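Note that the structure is predicted; figures quoted are calculated from it, not measured.
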Amino acid sequence: MTATDPPPYDAIVLAGGAARRLGGTDKPSVRVGGRPLLDRVLAACAGARRTVVVAAPRPTSRPVHWTRENPPGGGPVAALDAGLRHTTADCAVVLSADLPFLEEATVERLLSALRASGADAALLTDADGRDQPLVAAYRTTALRHALAALAEGNGNGKGNGGDNGLTGLPLRRLTAALNLTRVPDPLASFDCDTWDDIADARARIREHGHVLDEWISAVKDELGIDLDVDTSVLLDLARDAAHGVARPAAPLTTFLVGYAAAQGKGGPEAVAEAAHKAAALALRWAEEANTANEKSAGEKPAAERPAADGPGSDKPGPDRPAPGPGR
């Protein structure tokens, strides 16, 4: 790590809730934009050194460490404590598994706010200004102290069936003991508690301006591809192939470009180089088509026509006076 690199962080994702307002459906597995909600959240914290998911194991888009609170279903404070026990970084991002619009940039904003403020935690706030403690970055030392104090104050598990004294406690009891800084973000803090929320999220995903990025992300997840490319280059290539050759050439050409880049085991640079070569070829095809059309119309191709004021031009000049009386 260089002096300019941000310090490493761990991520704790709480994915074991009962989802009563969804009729007991396994909420982290509900798909929005073709991807499970849990996978969308895991993509947002992909920069974590270690990601701990507090829930029963299930297939995910990338490897994670699984754990459970004791007893299962003990609530968010108990789940947070269970996840924290498997982290070692100085900072931990704590996230619920139902955040369809969370992005990696949001996680970075939280971490930056935490480091700049000197607070114990940086929380997102929603559209109504309410704190969202499950979309937050915490200093792990402060978080451990606050959890230990809560457990001690709750009898350290005595009379609670052998748990650690945190079962059933509300998150506000935890955050009340911490020095907080807040980051407003109504979209990233949007969570899915009901089927209406799910429907709203699915509709927003398809809004113009978002749908293409969402689709590309979903395809990469589905195919197991971790490659960032300049999509504008590929879109320009598809346009040139469609206009200069034929419409079906657009998808076929972009496929061949991707295949060529993969054959060379290249990254984004290889894709860009192959795309530029194919685009140049499509432009040459378009030029030839224009030439053929001009010849079929009985015209000289543009490249073979004399200049407007050169030899053979009808434009008046020193050797070709303008028509006038008697001419």
Side-chain angles (χ1 to χ4, degrees), residues 5-15 17 21 27-28 32 37-38 40-49 51-54 75-84 87 89-151 153 166 168-194 197 200-201 204 210:
D5 290 333
Y9 72 94
D10 292 331
I12 303 169
V13 181
L14 308 190
R21 284 187 280 178
K27 183 163 62 171
V32 172
L37 284 168
L38 177 56
R40 299 181 72 89
V41 172
L42 292 179
C45 60
R49 185 176 62 183
T51 300
V52 182
V53 181
V54 186
V77 176
L80 174 52
D81 178 68
L84 189 63
T87 64
D90 292 337
C91 298
V93 171
V94 177
L95 306 166
S96 61
D98 60 352
L99 302 164
F101 303 112
L102 186 70
E103 296 182 347
E104 198 164 4
T106 310
V107 171
E108 292 170 358
R109 284 177 61 210
L110 284 169
L111 290 166
S112 295
L114 179 66
R115 292 166 188 141
S117 67
D120 296 327
L123 279 62
L124 282 197
T125 56
D126 65 15
D128 296 320
R130 292 173 297 196
D131 289 346
Q132 300 298 310
L134 295 184
V135 202
Y138 294 85
R139 296 188 192 276
T140 51
T141 299
L143 192 54
R144 288 189 174 94
H145 288 163
L147 286 166
L150 269 182
L166 300 175
L169 294 183
L171 279 166
R172 63 178 178 274
R173 289 274 301 275
L174 176 64
T175 55
L178 298 172
N179 175 26
L180 306 176
T181 189
R182 294 167 173 84
V183 178
D185 195 327
L187 184 60
S189 62
F190 180 90
D191 57 359
C192 295
D193 290 328
T194 67
D197 293 337
D200 189 11
R204 290 194 194 188
H210 299 287

| message | In the structure I gave you, are the side-chain heavy atoms of E103 and T106 within less than 4.5 Å of one another anywhere? | response | yes

| request: Mind checking salt bridge (charged side-chain N to carboxylate O under 4.0 Å, His left out) for D131 and listing every partner two or more places apart, or none if nothing turns up? | output: R182

| message | Using side-chain heavy atoms (C-beta onward) and a distance below 4.5 Å, is D90 in contact with T141? | response | no

| query | Which is it for L174 and L143 under the side-chain contact (heavy atoms from CB on, under 4.5 Å) test, yes or no, and what are the steps along the way? | reply | CA-CA 8 Å; L174 176 64; L143 192 54; 3.9 Å; yes

| request: Would you check if R144 and T87 make a side-chain contact, meaning some heavy-atom pair closer than 4.5 Å? | output: yes

| field | Closest approach of D197 to C192 (non-hydrogen atoms, all atoms of both residues) | value | CB-CA, 3.7 Å

| request: Tell me, please, which residues at least two apart from R49 pass side chain to side chain contact (heavy atoms under 4.5 Å, CB included). | output: P8, D10, T88, A89

| Separation of L84 CG from T140 OG1 (nearest 0.5 Å) | 6.5 Å

| Residue pair L111 / A137: nearest heavy atoms and the distance that separates them | CD2-CB, 4.0 Å

| To the nearest 0.5 Å, how far apart are CZ in F101 and CG in D191? | 11.0 Å

| field | Residue pair A119 / N179: nearest heavy atoms and the distance that separates them | value | CB-O, 3.4 Å

| field | D81 and L150, any side-chain heavy atoms less than 4.5 Å apart | value | no

| task | Could you tell me whether the side chain of L42 reaches within less than 4.5 Å of the side chain of V13, counting heavy atoms only? | result | yes

| request: Applying side-chain contact (heavy atoms from CB on, under 4.5 Å), run through V77 and L171 and close with a yes or a no. | output: CA-CA 6 Å; V77 176; L171 279 166; 4.0 Å; yes

| field | Side-chain donor/acceptor of R40 to backbone N/O of V32, under 3.5 Å | value | yes

| query | Is a donor on one side and an acceptor on the other found under 3.5 Å between the side chain of Y138 and the backbone of A121? | reply | no

| Pairwise side-chain contact, L95 with C45, heavy-atom cut-off 4.5 Å (strictly under) | yes

| Just wondering, do T125 and P184 contact through their side chains at under 4.5 Å, heavy atoms? | yes

| request: Grab the two heavy atoms, one from P76 and one from L14, that are nearest each other, plus how far apart they are. | output: O-CD1, 3.8 Å

| request: Of all the heavy-atom pairs spanning S117 and T181, show the shortest one and how long it is. | output: OG-CG2, 3.5 Å

| Looking only at atom types and distance, does a side-chain atom of D185 sit under 3.5 Å from a main-chain N or O of S189, one as donor and one as acceptor? | no

| query | Which heavy-atom pair separates A188 from L99 by the least distance, and what is that distance? | reply | O-CD2, 4.0 Å

| said: How long is the straight-line distance from CD1 of I12 back to OG of S96, given to the nearest 0.5 Å? | reply: 13.0 Å

| field | Q132 side, atom CD; T175 side, atom OG1 - distance, nearest 0.5 Å | value | 11.0 Å

| said: Between V94 and L134, is there a side-chain heavy-atom distance shorter than 4.5 Å? | reply: yes

